[in-house]
Amino acid sequence: MDLMAAQSKINDLRNLLNQYGYDYYVLDKPSVPDAEYDRLLRELIELEEQFPELKSSDSPTQRIGGVILEMFEKVEHRTPMLSLGNAFNEQDLRDFDRRIRQIAGDDFSYVCELKIDGLAVSLRYEDGMFVQGATRGDGTIGEDITSNLRTIKSIPLRLKENVTLEVRGEAFMPKRSFEALNKAKEERGEELFANPRNAAAGSLRQLDSKIAASRNLDVFLYGIGNTGNTGIESHSEGLDFLDKVGFKTNQERRKCATIDEVIEYVNGWVEKRPNLPYDIDGIVIKVDSLQQQSELGTTAKSPRWAIAYKFPAEEVVTTLLDIELSVGRTGVVTPTAILVPVKVAGTTVQRASLHNEDLIREKDIKIGDQVVVKKAGDIIPEVVNVLAEQRTGKEKDFHMPTHCPECESDLVRLEGEVALRCINPKCPAQIREGLIHFVSRNAMNIDGLGEKVISQLFAEKLIEDVADIYKLTQEQLLALERMGVKSVSNLLQAIEASKANSLEKLLFGLGIRHVGAKAAKTLAQHFGSMDRLADASKDELLSINEIGDKMAESVEAFFEKEEAQELLQELKDAGVNMDYKGAKPVSAEESDSIFAGKTVVLTGKLEQLSRNEAKEKIEALGGNVAGSVSKKTDLVIAGEDAGSKLAKAQELSIEVWDEEKLLEELNK
Ligand code: IVH
């Protein structure tokens with residue numbers, strides 16, 4: 001066969017296999033027997049081996065896996081991957097509905113979808129080709145798991161239209177595949193996965209993509225990162241568009257006109273849930289119109305236009321064996337219930353936080369009690385109540401200690417707090433927990449430095465403060481338990497990479513009292529650098545909207561401490577970045593730009609800027625970029641092929657600029 005003939009045969013085979021694969025994996029409607037599919041696939045593999053120059057990344061043969069990575073690269077999401085607020089009962093749903101009505105009025109509808117219990121993924125397509133897939137990570141930065149996602153057969157490698165877009169969805173393992181996998185693991189004497197979600201996450205976190213390929217994962221797409229110039233005006237149109245270009249979406253979605261209809265849908269699924277072939281942990285309710293979505297906007301973490309209804313948690317009874325104490329990063333001493341292990345909502349639970357002494361009194365918990373346990377939000381184990389009628393008389397009262405279980409200092413109860421605290425700043429438990437916090441995901445995000453490694457390093461006195469992390473050597477790490485050359489080299493790379501983090505991550509990692517991840521971001525954006533923040537007066541701090549008294553005092557006190565100054569100097573010397581790297585939003589009052597306080601809509605294709613770049617630039621000048629045109633829009637930027645938004649702007653007599661005019665104004 002010559003090259004031309006081979007190319008033509010290969011094209012035919014790819015088209016056929018793609019069609020059959022789509023019928024089977026996306027539509028769930030097989031159109032040929034499995035044996036026929038396998039025969040065609042083998043033929044294609046052979047031809048591609050014979051003519052390696054004809055290999056192509058979108059060929060169905062590329063799903064078999066085989067890529068072996070050293071580590072996952074980090075990927076910055078072009079649009080952040082937000083999470084959802086929760087509703088646990090009918091009242092929460094009605095409250096959500098009321099909040100929506102206050103802003104959007106009465107004329108809107110909802111879309112209800114199943115909340116798939118898997119792992120959020122983001123897929124990027126360029127000109128119709130699948131180019132990159134990532135995990136959610138911390139919402140801003142995830143991990144590149146493209147080679148594993150390629151093995152999921154319901155993820156199209158090439159779309160039916162040559163569009164460029166980013167889509168979001170949930171990768172999961174169907175119940176039957178999970179059971180088969182655990183059965184095989186059991187036979188091999190291996191540790192089992194606790195539930196399908198862990199199995200899916202574990203499979204996608206494998207560096208060898210052959211493993212993911214063998215795991216029979218699946219996906220449902222539920223959103224578009226940026227609808228761009230597609231002309232899509234509602235979430236449901238977006239999902240239909242995803243169907244049209246070849247994605248797999250969940251077909252159980254329903255449009256609901258009222259919250260009563262939503263509640264009916266939710267209750268229906270409480271009943272039908274066990275019969276589904278995959279796990280769901282709730283229902284997601286979204287406002288359909290994209291224009292209304294953009295009017296409702298988002299908080300730092302989640303959109304105001306959507307909510308996740310979580311199914312009631314499973315409750316089980318077990319024995320409370322003992323109450324242990326642990327000292328946290330801020331010195332709070334927390335009692336933890338030690339339980340006879342029980343299975344709850346898919347995993348085995350043997351510890352549950354009891355929070356503080358007041359709560360133990362309130363729930364009348366005694367050591368030896370039979371207790372009801374559930375997982376709050378299906379994740380965090382919690383003692384719900386005690387079965388007092390089952391007491392034998394042998395149960396023992398629990399009393400909080402007067403001294404720190406770790407360093408023996410006096411414990412104090414600060415005014416207005418329920419917690420008991422160890423206020424010894426040298427308490428080893430606090431230091432260790434502070435180190436664990438520093439490397440955690442929302443802080444410096446150093447992979448490979450988990451609780452266990454930190455605890456070892458700390459016990460061996462190899463790290464005493466966070467700056468010591470940057471002094472660790474290969475030799476020191478190799479001496480630790482269960483650390484091979486490969487993991488040490490990955491860890492050192494991760495430590496090195498963390499030096500480049502934007503200021504807010506470091507700031508949050510330092511663990512300044514009252515400064516959470518969101519406040520850290522606000523401070524980093526406002527001041528731009530650690531030095532400027534360190535020099536800020538309390539009044540300057542208070543002038544920022546979101547910063548209150550307590551936080552301002554705590555920030556000021558932190559930077560006044562000599563140890564803090566020394567620590568920051570050490571971090572600086574180690575090469576840790578001290579500047580804010582994200583976009584700096586300017587308030588309308590601060591900006592004298594033409595964009596200040598204006599609501600701008602971008603539509604059509606821009607030539608010189610990506611839509612995201614344009615958005616960042618406009619926001620940096622105090623403008624506000626919205627997704628759709630309404631009476632509130634001040635300005636529309638129309639690129640090539642602008643569609644319905646441009647028409648609407650004209651209809652509403654809104655000012656319209658072309659890209660040239662935009663660039664001219666941005667450069668002023
Ligand atoms: S929408 C900005 N829809 O639930 C809103 N999420 O906290 C983005 N999930 O891990 C989420 N099924 O991956 C949405 N039909 C669905 C979903 C869904 C599952 C997951 C999502 C995220 C979590 C939301």
Side-chain angles (χ1 to χ4, degrees), residues 77-88 92 96 100 110-123 133-143 145 149 152 154-155 166-174 195-198 200-201 204-205 217-227 234-236 238-243 247-256 262 265-266 269 273 276-290 292-311 376-380 441-442 627:
H77 299 302
R78 301 188 174 187
T79 325
M81 289 180 80
L82 302 174
S83 59
L84 294 171
N86 289 326
F88 295 101
D92 291 348
F96 166 72
I100 303 278
Y110 292 117
V111 176
C112 293
E113 291 166 17
L114 304 185
K115 185 167 185 299
I116 312 299
D117 196 8
L119 167 94
V121 293
S122 179
L123 312 177
T135 61
R136 176 175 184 277
D138 65 1
T140 310
I141 295 178
E143 283 180 328
I145 53 165
L149 289 172
I152 301 183
S154 46
I155 293 183
E166 199 170 308
V167 289
R168 269 80 196 264
E170 196 85 352
F172 64 95
M173 188 180 284
N195 51 45
R197 172 168 25 98
N198 288 2
L204 287 174
R205 283 208 45 93
L217 299 168
D218 204 343
V219 72
F220 283 122
L221 282 314
Y222 55 65
I224 305 178
N226 192 333
T227 44
S234 68
H235 177 66
S236 47
L239 293 174
D240 293 344
F241 173 79
L242 291 180
D243 283 336
F247 288 109
K248 180 166 178 170
T249 64
N250 191 287
Q251 301 299 312
E252 308 292 355
R253 60 181 179 262
R254 190 163 102 201
K255 220 165 150 163
C256 292
V262 168
Y265 178 88
V266 165
W269 280 106
R273 175 186 180 197
L276 281 168
Y278 42 83
D279 273 350
I280 60 173
D281 58 342
I283 302 292
V284 183
I285 298 117
K286 306 173 180 175
V287 169
D288 195 25
S289 145
L290 298 188
Q292 283 169 330
Q293 286 186 3
S294 83
E295 277 165 25
L296 287 154
T298 66
T299 68
K301 284 198 205 125
S302 49
R304 288 197 195 87
W305 45 264
I307 199 161
Y309 172 85
K310 293 289 195 74
F311 292 130
D378 264 355
I379 302 177
I380 302 160
R441 194 191 252 189
N442 286 328

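Just so we're clear, the structure is a prediction, and the values are computed from it rather than from any experiment. As the structure lists them, so they are numbered: ligands from 1, and atoms in each ligand from 1. Values below: all heavy atoms of this structure, side chains included; hydrogens, waters and symmetry mates excluded.
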Return the set of residues passing salt bridge (charged side-chain N to carboxylate O under 4.0 Å, His left out) with Glu170 (not counting sequence neighbours), or none when no residue passes.
none
Ion pair present between Arg254 and Glu252, side-chain N to carboxylate O less than 4.0 angstrom?
no
salt_bridge(Asp281, Arg197) N-O dist < 4.0 Å:
no
Less than 4.0 Å is my threshold; does some heavy atom of Leu114 fall inside it relative to ligand 1?
yes
Just need the protein heavy atom nearest to atom 9 (N) of ligand 1, so name the residue and atom and give the distance.
Glu170 OE1, 3.6 Å
Just to check, does Gly223 reach to within less than 4.0 Å of ligand 1 when the distance is taken from its heavy atoms?
no
Which pair of heavy atoms, one from Ala171 and one from Leu204, lies closest together, and at what distance?
CB-CD1, 3.7 Å
For atom 8 (C) of ligand 1, the protein heavy atom that lies nearest, with its residue and separation:
Leu82 O, 4.1 Å
Enumerate the atoms of ligand 1 whose separation from the nearest heavy atom of Glu113 is less than 4.0 angstrom.
3 (N), 15 (N), 16 (C)
Asp279: what forms a side chain to side chain contact (heavy atoms under 4.5 Å, CB included) with it, not counting sequence neighbours?
Asp117, Lys175, Pro196
Atom 5 (C) of ligand 1 has as its nearest protein heavy atom Leu84 CD2, 3.6 Å
Note: Lys310 and Asn86 closest approach over all heavy atoms is CE-OD1, 3.7 Å
Which protein heavy atom lies closest to atom 11 (C) of ligand 1, and at what distance to 0.1 Å?
Tyr222 CE1, 3.8 Å
Mind telling me whether Phe172 and Phe220 have parallel, tilted or perpendicular rings, with 30° and 60° as the class edges?
parallel
Atoms of ligand 1 under 4.0 Å from any heavy atom of Ala120, numbered from 1 in the order shown, are 10 (O), 13 (O)
Test item, Arg253 contacting ligand 1 (heavy atom, 4.0 angstrom):
no
Check each atom of ligand 1 against the heavy atoms of Ser83 and keep those under 4.0 Å away; list them by number with element.
7 (O)
Is Ile116 close to ligand 1, meaning an N/O of one under 3.5 Å from an N/O of the other?
yes
Using a plain distance cutoff, I'd like to know if Trp305 has any nitrogen or oxygen under 3.5 Å from a nitrogen or oxygen of ligand 1.
no
Check: Thr249/Gln251 side-chain N/O donor and acceptor closer than 3.5 Å
yes
Please name the pair of heavy atoms, one in Gly142 and one in His77, separated by the smallest distance, quoted to 0.1 Å.
N-NE2, 3.6 Å
Roughly how far apart are His235 NE2 and Gln293 CD, rounded to 0.5 Å?
7.5 Å
Between Arg168 and ligand 1, find which residue part has any heavy-atom pair under 4.0 Å and reply side chain, backbone, both or neither.
neither
Using a strict 4.0 Å cut-off to heavy atoms of Pro303, name the atoms of ligand 1 that fall inside it.
2 (C)
Asp240 with Arg253: basic N within carboxylate O range, under 4.0 Å
yes
Is there any N or O on Val284 that sits under 3.5 Å from an N or O of ligand 1?
no
Look at atom 23 (C) of ligand 1 and find which of Glu252, Gln293, Met81, Lys115 reaches it with the closest heavy atom.
Lys115
Evaluate Leu119 for polar contact with ligand 1, using N/O atom pairs at a separation under 3.5 Å.
no
Which heavy atom of the protein is the closest neighbour of atom 3 (N) of ligand 1, given with residue, atom name and distance?
Lys286 NZ, 3.0 Å
